[in-house]
Peer 1: 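Mind having a look at this structure? Questions to follow.
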Amino acid sequence: MFVIEGDNYERQAEISCGVDCFNRENRHISKCIIITGMSGGGKSTALKVLEDIGFYTIDNIPPAILPQIIDMLGTHEAAVNMGVAVVIDVRGGTLLGDFEDVIKALKSELSLVKVIFLDASDEILIRRYETTRRRHPLGVSLPLSEMILKERMMVAPVRELADVVINTSHLSIQELKEAILRSIGVIDVEPSVIITSFGYKYGIPSDSDYVLDVRFLENPFYCPQLRDLTGVEPEVQEYLLSFRETVVFYDESLRLIKLILPLYRRTGKPQVHITIGCTGGRHRSVAYAEWLARQLSADGEKCIVRHRDIGKDKEKIGDVVAG
């Protein structure tokens, strides 16, 4: 049954005010997560996990320049608010010799410096390389098994310095994500559902995961008393709900959305972007986005709703295509 209750979701403005609200005074980077380990151990996946929760991420840098990079990022909002995450591995060659000194220096300056070492069995590493057909960073002059052995010897001192060692041999992507988040003290990062209303005349949002087309619903634009209102306002929503097809479509599409959200989470995807479109992005799509955000929020989801085209020029009758 169609029920709307609660209003505990976050509404995000379509266009920023253009004012730099980031206060650079007394701000500094306090966290640095260093991901290292065996090639093929899952470092790229781990870095992506940290990027998805807001860390400023850098892949493949020599240890010696890490302190300078942190200094340079002292005015970068994401780096200050969440922290910096980097991958350092054998691609740095002999430069890995600086690793211990750099870690000590960083720990004396930052409140949190954590070294996460990702490992896997030789058998699994070989299988991953054979599956992806990627070239081992140490080259092709030796059999893969010997290059893995050589790499283990190179990174052995780094492993000794690690705060956390994670064996990824039998971990799924979701399990690796959970292990990474636990290792940095983030027990549960609540996924977000981003809900965006839009007008087809202005184009479909390019980063949509699911697009729902509501142009078949009755258009409030053709009601003179509703034309100047938007889908946020009760009069427009009541008008739309007076039609049976609105209720049926909402109920059925809500069932689909509730089905796919946990399936997305199982793959490790932190956000799902659902977009709803009508002709101009002012009435029908806006109302549906509001209903969906309220219902999912009442179910415990963290929702962000955006009305991309609600403030654009009002449609002229000649621009509107019926239906």
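When a residue number appears, it is its place in the shown sequence, counting from 1.
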Peer 1: List the residues meeting side chain to side chain contact (heavy atoms under 4.5 Å, CB included) with Asn167, not counting sequence neighbours, and say none if there are none.
Peer 2: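 Expected list: Ser169.
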Peer 1: Of the non-hydrogen atoms in Ser30 and Leu110, which two are nearest, and what is the gap between them?
Peer 2: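 The answer is O-CB, 3.6 Å.
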Peer 1: Please check: side-chain N/O of His28 versus main-chain N/O of Gly74, any donor-acceptor pairing under 3.5 Å?
Peer 2: no
Peer 1: For a quick test of reading the model, state the closest non-hydrogen atom pair linking Leu240 to Ala287 and the distance between them.
Peer 2: CD1-CB, 3.6 Å
Peer 1: Using a 4.5 Å cut-off on heavy atoms from C-beta on, say whether the side chain of Tyr56 contacts that of Leu73.
Peer 2: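 Yes, at least one pair of side-chain atoms sits under 4.5 Å.
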Peer 1: Report yes if some heavy atom in the side chain of Ile61 is under 4.5 Å from a heavy atom in the side chain of Leu66; otherwise report no.
Peer 2: yes
Peer 1: Ile260 and Ile276: same hydrophobic cluster, using ILVMFWY side-chain contacts below 4.5 Å?
Peer 2: yes
Peer 1: Test side-chain contact (heavy atoms from CB on, under 4.5 Å) on Leu217 and Glu245; report intermediate values, then the result.
Peer 2: CA-CA 7 Å; Leu217 299 179; Glu245 57 265 31; 4.3 Å; yes
Peer 1: Hey, are the side chains of Thr36 and Ile116 touching, using non-hydrogen atoms and a 4.5 Å cut-off?
Peer 2: no
Peer 1: Check whether Arg282 reaches the backbone of Asp228 with its side chain - one donor and one acceptor, N or O, closer than 3.5 Å.
Peer 2: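 Flag set: sc Arg282 to bb Asp228 pair under 3.5 Å.
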Peer 1: Side-chain heavy atoms nearer than 4.5 Å, only ILVMFWY residues, links allowed to pass through others: does that put Val165 and Ile148 together?
Peer 2: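 Yes, Val165 and Ile148 fall within the same hydrophobic cluster.
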Peer 1: Linking Ile, Leu, Val, Met, Phe, Trp and Tyr by side-chain heavy atoms under 4.5 Å, what else ends up with Ile204?
Peer 2: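 Its cluster mates, by chain and number, are Phe198, Tyr200, Val211.
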Peer 1: Any side-chain donor paired with an acceptor under 3.5 Å for His273 and Thr196?
Peer 2: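 On atom types as modelled, these side chains qualify, holding a pair under 3.5 Å.
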Peer 1: Spell out, yes or no, whether Phe55 and Met72 are grouped together once hydrophobic residues are joined by side-chain heavy atoms under 4.5 Å, including indirect joins.
Peer 2: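 Different hydrophobic clusters.
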Peer 1: Is it the case that the side chain of Ser208 and the backbone of Thr275 share a donor-acceptor pair, with hydrogens and angles ignored and the cut-off at 3.5 Å?
Peer 2: no
Peer 1: Name all residues meeting the salt bridge (Lys or Arg N to Asp or Glu O under 4.0 Å) criterion together with Lys150; count only those two or more places apart in sequence or in a different chain, and write none if there are none.
Peer 2: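 Applying salt bridge (Lys or Arg N to Asp or Glu O under 4.0 Å) to Lys150 gives none.
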Peer 1: Any carboxylate oxygen within less than 4.0 angstrom of a Lys/Arg side-chain nitrogen, looking at Glu51 and Lys48?
Peer 2: yes
Peer 1: Pair Asp119, Thr168 - check side-chain contact (heavy atoms from CB on, under 4.5 Å), show working.
Peer 2: CA-CA 6 Å; Asp119 202 353; Thr168 67; over 6 Å; no
Peer 1: Would the distance check show the side chain of Lys31 and the main-chain N or O of Ser111 forming a donor-acceptor pair, the cut-off being under 3.5 Å?
Peer 2: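 Here the side-chain-to-backbone pair does not exist.
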Peer 1: Salt-bridged, Asp52 to Lys177, with N to O below 4.0 Å?
Peer 2: no
Peer 1: Does the Arg284 side chain pair with the main chain of Arg215, one donor and one acceptor, at a distance under 3.5 Å?
Peer 2: yes
Peer 1: Could you tell me how the ring of Phe216 sits relative to the ring of Phe249: parallel (under 30°), tilted (30 to 60°) or perpendicular (over 60°)?
Peer 2: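 The arrangement is perpendicular - the two ring planes meet at more than 60°.
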Peer 1: Return yes if some donor-acceptor pair links the side-chain N/O of Lys43 with the main-chain N/O of Met38 below 3.5 Å, else return no.
Peer 2: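 Confirmed, Lys43 side chain pairs with Met38 backbone.
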Peer 1: Give a yes or no on whether the backbone of Gly281 and the side-chain of Asp309 come within a donor-acceptor separation of less than 3.5 Å.
Peer 2: no
Peer 1: Starting from Met82, can I reach Leu112 by hopping between I/L/V/M/F/W/Y residues whose side chains sit under 4.5 Å apart?
Peer 2: yes
Peer 1: Kindly indicate whether the side chain of Asn60, heavy atoms from C-beta on, has any atom under 4.5 Å from the side chain of Val87.
Peer 2: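 Heavy-atom side-chain distance check fails, nothing below 4.5 Å.
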Peer 1: Is it true that a side-chain atom of Asp163 and a backbone atom of Val115 form a donor plus acceptor pair closer than 3.5 Å?
Peer 2: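 Side chain of Asp163 to backbone of Val115, a donor-acceptor pair under 3.5 Å: yes, one is there.
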Peer 1: Distance from Ile35 atom CD1 to Ser44 atom OG, nearest 0.5 Å?
Peer 2: 9.0 Å
Peer 1: For Glu109, is the CD atom crowded, meaning more than 12 foreign heavy atoms sit under 6.0 Å from it?
Peer 2: no
Peer 1: If only atom types and distance count, is the side chain of Glu151 paired as donor or acceptor with the main-chain N or O of Ser39 below 3.5 Å?
Peer 2: yes
Peer 1: Could you measure the distance from the CD atom of Gln271 to the OH atom of Tyr264? Nearest 0.5 Å is fine.
Peer 2: 12.5 Å
Peer 1: Please report the closest heavy-atom contact between Gly231 and Gln237, naming both atoms and the distance.
Peer 2: O-NE2, 2.9 Å
Peer 1: Begin with the C-alpha distance, continue with both residues' side-chain angles, and end with the deciding distance and a verdict on side-chain contact (heavy atoms from CB on, under 4.5 Å) for Val155 and Val90.
Peer 2: CA-CA 7 Å; Val155 300; Val90 294; 3.5 Å; yes
Peer 1: Side chains of Asp299 and Ser297: does their closest heavy-atom pair fall under 4.5 Å?
Peer 2: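 When only atoms from C-beta onward are counted, Ser297 and Asp299 do not touch, as no gap falls below 4.5 Å.
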Peer 1: Decide side-chain contact (heavy atoms from CB on, under 4.5 Å) for Ile34 and Lys114; before the verdict, give the C-alpha distance in whole Å, the side-chain angles of both, and the deciding distance to 0.1 Å.
Peer 2: CA-CA 6 Å; Ile34 299 169; Lys114 185 154 288 191; over 6 Å; no
Peer 1: Please determine if Arg255 and Asp251 form a salt bridge, counting it only when a charged side-chain N lies under 4.0 Å from a carboxylate O.
Peer 2: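 Here Arg255 does not pair with Asp251 in a salt bridge, since their nearest N and O are not under 4.0 Å apart.
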Peer 1: Would you tell me whether Thr246 and Tyr288 have side-chain atoms, one donor and one acceptor, within less than 3.5 Å of each other?
Peer 2: no
Peer 1: Is Ser183 reaching over with its side chain to a backbone N or O of Ile180, donor-acceptor style, under 3.5 angstrom?
Peer 2: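 Between the backbone of Ile180 and the side chain of Ser183 there is a qualifying donor-acceptor contact (under 3.5 Å).
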Peer 1: According to a 4.5 Å side-chain heavy-atom criterion applied to Ile, Leu, Val, Met, Phe, Trp and Tyr, with indirect links allowed, do Met154 and Val102 form part of one hydrophobic cluster?
Peer 2: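 They do share one cluster, since a chain of ILVMFWY contacts under 4.5 Å joins Met154 to Val102.
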Peer 1: CD/Glu160 to CD/Glu100 distance, rounded to the nearest 0.5 angstrom?
Peer 2: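 Atom-to-atom, Glu160:CD and Glu100:CD are 10.5 Å apart.
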